[in-house]
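Here's the structure we're looking at; comments come further down.
Keep in mind it's a predicted model, so treat the numbers as computed, not measured.
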Amino acid sequence: LELDNPSDISRQRCAEALRNIDMAFLGTIDSFCNMVESEHPSAIGIPSSASVIDDDELRKQLLIEYKKIESGKYGETLREEAHNFKNYHKNAEKAFVESFICLMSNRSFPVKYEKPRKELTLGKEISALKSLIEYLKDHPECLLENEQKARDSKEALDNFYYVFEKKYDNIPLFIRALKAVSRLRISPNNPEVIENYPDFLKAHDAKKLKHYCFSEKFDELLNRITEQQYSVTVDFILHCQDLILDKFKKEGKLTFYDYLLYLRNALREDAQSGGRLIKHIYSRHSYYLIDEFQDTDPLQVQIFFYLAASKIDPRWDRCIPYPGSLFIVGDPKQSIYRFKNADVSNFLNVRSLFKGERGEALYLYQNFRSADVIKQYFNRTFEKLLPADTFEQAKYPPIPVNGEIKDDLSNAYYYEVNDTDEDLDAVVNIILSLYNDEQYQIYDRNIRSLRKLDYKDFMIITPGKTRLTLYTQKLK
């Protein structure tokens with residue numbers, strides 16, 4: 001890419017840009033949104049004293065509100081729901097705080113769940129299961145110990161047997177007990193067990209019987225209980241959420257996610273009434289360059305489409321940005337923030353919008369860092385792994401290879417192993433035999449001459465960190 005020769009106009013633009021450089025905002029998207037809302041608190045609907053609270057403070061404040069709910073300060077209905085919620089969790093306070101944070105940090109998305117049953121009726125199934133557990137407890141000779149998981153479950157049977165003797169009113173403990181014994185293996189030499197309890201047991205392999213294990217009915221029972229636990233949890237949190245978040249909003253206790261959500265909501269409402277706020281913000285911040293765009297979440301994307309819009313629409317994806325006002329850079333293959341709602345599908349969706357009036361998408365495929373042999377290796381490997389755009393990953397575009405591959409030490413060589421102890425020794429011996437040997441030299445661009453191989457010229461890639469320690473010990 002070659003720049004045009006400077007002209008009077010380009011010089012004038014550069015001089016103006018340098019004079020106004022202090023007006024440019026450099027920072028994260030979160031901090032930019034925080035700044036915009038602090039300048040327009042009434043338009044956003046937050047107090048001027050609002051500030052960001054950290055995770056520890058948020059947990060502390062949520063715990064205070066939970067105790068208020070338990071004491072009835074949020075009303076009798078929520079107090080009764082809190083009591084029911086407590087029956088489904090070993091540590092109800094921690095479960096409330098963590099579940100609340102999870103849902104509040106994703107509240108721009110709809111929540112789908114089944115309403116909890118008024119009463120979890122499992123009488124017949126529980127009676128039959130308890131009878132089976134009691135039989136196995138009294139006949140330990142029936143149980144196999146051929147796998148570690150089976151041995152763990154047999155030990156768990158001794159530890160959790162008392163749970164099955166009682167009424168299953170302690171739901172979290174009952175779930176733990178069911179999961180703990182789920183890997184029990186029963187000897188095929190005890191056919192009377194399967195005859196007496198056909199609903200809960202099945203043959204592991206009907207053709208070559210190795211053992212009996214719990215059937216799908218056991219899994220269904222466990223799923224019904226855990227699904228009820230999930231439904232009770234989500235239902236209770238959603239009933240509390242708006243009340244608590246409205247209180248936090250009035251008090252100015254906001255998270256970074258709150259700032260994003262409240263700004264997006266304000267811009268969307270503003271777009272419905274002509275975009276006065278959007279135009280005012282644009283008069284101060286007219287050009288946006290967003291790097292690492294693959295790590296943005298949907299809220300952040302929507303905010304900048306509103307802010308850069310020349311044609312404003314309540315639907316963010318119908319907004320048309322001013323020419324040159326929105327410039328984004330990203331690589332979908334580097335997306336690592338899915339836990340913060342940033343995923344490849346979001347990136348691909350936005351990329352598809354850059355056409356026609358919105359501009360265009362430019363693709364940078366050149367690789368100036370790697371030797372041609374490495375480029376070819378990348379192409380062979382990743383074209384097979386990433387053949388098309390999907391919800392989870394983008395299609396791999398092949399890297400242009402500039403010239404023919406030369407079979408000499410100016411290129412890279414690779415040696416693939418199975419990561420066994422034998423192969424470990426082979427790799428170490430190869431490195432030691434090539435290191436500092438006059439026969440094997442490479443061209444070093446820094447000193448512009450040949451030199452002997454150093455340890456820094458080798459790369460060892462392992463599936464995990466454990467093996468790296470072994471290589472380090474061998475190479476000392």
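- More than 12 heavy atoms of other residues, nucleotides or ligands shown are found within 6.0 angstrom of CG on L385.
- For Y259 and D30, the side-chain atoms include no donor-acceptor pair closer than 3.5 Å.
- Counting only distance, with no hydrogens or angles, the side chain of K154 and the backbone of E145 share no donor-acceptor pair below 3.5 Å.
- Taking CG from L299 and OG from S108, the interatomic distance works out to 4.0 Å, rounded to the nearest 0.5 Å.
- Within the 4.5 Å cutoff, the side chain of D270 has heavy atoms near those of the R276 side chain.
- Here E98 does not pair with K94 in a salt bridge; the nearest charged N to carboxylate O distance is not below 4.0 Å.
- Using a 4.0 Å cut-off between a side-chain N of Lys or Arg and a carboxylate O of Asp or Glu, E65 and K68 qualify as a salt bridge.
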Query raised in the report: Hey, mind stepping through R268 and Y306 against side-chain contact (heavy atoms from CB on, under 4.5 Å) and telling me if it holds?
Result: CA-CA 8 Å; R268 185 170 58 188; Y306 282 127; 3.4 Å; yes
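- Residues V36 and I281 share a closest heavy-atom pair of CG1-CD1, 3.6 Å.
- For residues 31-47, every residue pair satisfying the side-chain hydrogen bond (donor to acceptor under 3.5 Å, both in side chains) rule, not counting sequence neighbours, is listed here: T28-S31, E39-R284.
- Between N106 and V111, every side-chain heavy-atom pair lies at or beyond the 4.5 Å cut-off.
- With a 4.5 Å cut-off on side-chain heavy atoms, K202 and C213 count as touching.
- Ring planes of F96 and F100: tilted class, angle from 30 to 60°.
- Note that OG of S352 is 8.0 Å distant from CG of L348, once rounded to the nearest 0.5 Å.
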Report task. Show the numbers, then the answer: is there a side-chain contact (heavy atoms from CB on, under 4.5 Å) between Y257 and M104? Result -> CA-CA 9 Å; Y257 183 86; M104 73 172 285; 6.0 Å; no
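- With hydrogens and angles left out, the side-chain atoms of Q294 and E292 include a donor and acceptor closer than 3.5 Å.
- Ring pair F218/F214 is parallel by interplanar angle, where below 30° counts as parallel and above 60° as perpendicular.
- Proximity of I29 to I303: side-chain heavy atoms (C-beta onward) are nowhere separated by under 4.5 Å.
- Ring centroid separation for the pair Y197 and Y212 does not come in under the 6.0 Å cut-off.
- No hydrogens or angles considered: a donor-acceptor pair under 3.5 Å links the side chains of E57 and Q61.
- D313 places no side-chain N or O within donor-acceptor distance of the main-chain N or O of C319, the cut-off being under 3.5 Å.
- Between H139 and E192 there is no side-chain heavy-atom pair separated by less than 4.5 Å.
- Around atom CD of E114, no more than 12 heavy atoms belonging to other residues, nucleotides or ligands sit under 6.0 Å away.
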**Report entry** side-chain contact (heavy atoms from CB on, under 4.5 Å) evaluation trace for F305 with L326
**Finding:** CA-CA 8 Å; F305 265 79; L326 188 56; 3.9 Å; yes
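- For the residue pair T381 / Y396, no side-chain donor-acceptor distance below 3.5 Å is found, with atom types taken as modelled.
- Relative ring orientation between Y288 and F304 is described as perpendicular, the plane-to-plane angle rising above 60° on a 0-90° scale split at 30° and 60°.
- Of the residues L263, L267, N265, the one that meets the side-chain contact (heavy atoms from CB on, under 4.5 Å) test with I44 is L263.
- In summary, K67 and E70 do not engage in a salt bridge, as defined by a charged side-chain N under 4.0 Å from a carboxylate O.
- Looking only at side-chain heavy atoms (C-beta outward), L254 and F248 stay at 4.5 Å or farther from each other.
- The residue from Y88, Y113, F85 that alone fulfils the ring pair (Phe, Tyr, Trp, His ring centres under 6.0 Å) condition with F236 is F85.
- Note that the NE2 atom of H239 and the CG atom of D235 stand 4.0 Å from one another [nearest 0.5 Å].
- I133 contributes atom CD1, which lies 10.0 Å from atom OG of S131 (distance to the nearest 0.5 angstrom).
- Residue A92 comes nearest to Y66 through the heavy atom pair CB-OH, 3.5 Å, listed as atom of the first residue, atom of the second, then distance.
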Query raised in the report: Does the pair I69 and C240 meet the rule for a side-chain contact (heavy atoms from CB on, under 4.5 Å), with working shown?
Result: CA-CA 9 Å; I69 293 171; C240 305; 3.5 Å; yes
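- Put simply, the side chain of Y287 does not reach to within 4.5 Å of the side chain of F327, judged on heavy atoms.
- In this structure, K115 and S231 have side chains that are not in contact, with every pair of non-hydrogen atoms separated by 4.5 Å or more.
- Between N84 and E80, the side chains place no donor N or O within less than 3.5 Å of an acceptor N or O (distance only, hydrogens not considered).
- Taking 4.0 Å as the cut-off between side-chain N and carboxylate O, R107 and D258 count as a salt-bridged pair.
- With sequence neighbours excluded, no residue satisfies side-chain hydrogen bond (donor to acceptor under 3.5 Å, both in side chains) with Y230.
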Requested in this report: Please assess E76 against R79 for the test salt bridge (charged side-chain N to carboxylate O under 4.0 Å, His left out), listing each intermediate value before the final yes or no.
Outcome: CA-CA 5 Å; E76 184 62 21; R79 191 193 69 79; 2.6 Å; yes
